[in-house]
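Have a look at the structure below before the remarks.
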Amino acid sequence: MTELVRLGVILTDRGSKYAASGAAVSSRAQVDAVLTALKRDKSYAKATHNTWAATLPAGSLKADDGESGAGMVILRMMEREELQNHVIIVTRWYGGKKLGGDRFRRVQDATRAYLNHIAASA
């Protein structure tokens, strides 16, 4: 597992805040280690949702963490970019107003910011 990359809060919408994080991984155990490392930061541990997706040699994994359908949004974007052996986590702190379908656009925006960051760092 490589170092956990945290972009921090990258966008807000009606009070909700979104952050993107991720790391290179090659197993479910490494995904779990990344999630544990992220949640050592109390603000991430207390977030409303830590939605994630991972592309691994053994196949793809995703978890919505209560944000129904969001893991698939992240996974589809990773697959479109052909990003392998990686986990991306989109964190949301709920701001008190429901976003409806816009919540998927914010997940896409956060995922895109992370993908752009790792592309620029390559």
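These figures come from a predicted structure and were not determined experimentally.
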Exercise. Out of curiosity, Trp52 CH2 to Ile88 CD1, how far, rounded to the nearest 0.5 Å?
Worked result: 12.5 Å
For this session: Run the salt-bridge test on Asp32 and Arg28 with the 4.0 Å N-O cut-off and return the result as yes or no.
Result: yes
For this session: Find out whether Arg76 and Met72 are in side-chain contact, i.e. whether some heavy atom of one side chain is under 4.5 Å from a heavy atom of the other.
Result: yes
Seminar exercise, completed: When every non-hydrogen atom of Leu35 is compared with those of Ile89, the smallest separation belongs to CD2-CG1, 3.8 Å
For this session: Ignoring hydrogens and angles, state whether a donor on the side chain of Thr51 or Asp64 is under 3.5 Å from an acceptor on the partner side chain.
Result: no
For this session: With rounding to the nearest 0.5 Å, note down the distance linking CG in Leu7 to CD1 in Ile118.
Result: 9.5 Å
Exercise. Going by heavy atoms in the side chains, are Tyr114 and Ile10 under 4.5 Å from each other?
Worked result: no
For this session: Kindly indicate whether the side chain of Pro57, heavy atoms from C-beta on, has any atom under 4.5 Å from the side chain of Asn85.
Result: yes
Exercise. Once you round to the nearest 0.5 Å, how far does OH of Tyr18 lie from OG1 of Thr111?
Worked result: 10.5 Å
Exercise. Is the backbone N or O of Asp65 less than 3.5 Å from a side-chain atom of Asn50, with the two atoms forming a donor-acceptor pair by type?
Worked result: no
Problem set entry | Separation between CG of Leu4 and CG of Asp41, rounded to the nearest 0.5 Å | 10.0 Å
For this session: Of all the heavy-atom pairs spanning Ser43 and Trp93, show the shortest one and how long it is.
Result: O-NE1, 2.8 Å
Exercise. Applying the 4.5 Å side-chain criterion to the ILVMFWY set and letting contacts propagate, would Leu75 and Leu115 be lumped into a single cluster?
Worked result: no
Problem set entry | Salt-bridge contact Asp102-Arg14 (side-chain N to carboxylate O under 4.0 Å) | yes
Seminar exercise, completed: Value for OG (Ser27) from CG (Leu61), rounded to nearest 0.5 Å, stands at 10.0 Å
Problem set entry | Reported OG1-to-NE2 distance for the pair Thr55 and His86, which is rounded to 0.5 angstrom | 8.0 Å
For this session: Give the minimum heavy-atom separation between Ala110 and Ala19, together with the two atoms involved.
Result: CB-O, 4.4 Å
Exercise. How close do Ser21 and Tyr44 get, heavy atom to heavy atom, and via which atoms?
Worked result: OG-CE2, 4.1 Å
Problem set entry | Lys/Arg N to Asp/Glu carboxylate O, Arg112 vs Asp109, below 4.0 Å | no
Exercise. Applying the side-chain hydrogen bond (donor to acceptor under 3.5 Å, both in side chains) test to Ser16, which of Lys97, His49, Arg92, Arg103 qualifies?
Worked result: Arg92
Problem set entry | Joint cluster assignment, Val9 & Tyr94, ILVMFWY side-chain distance < 4.5 Å | no
Exercise. Closest approach of Gly71 and Ala53, non-hydrogen atoms and distance?
Worked result: O-CB, 3.7 Å
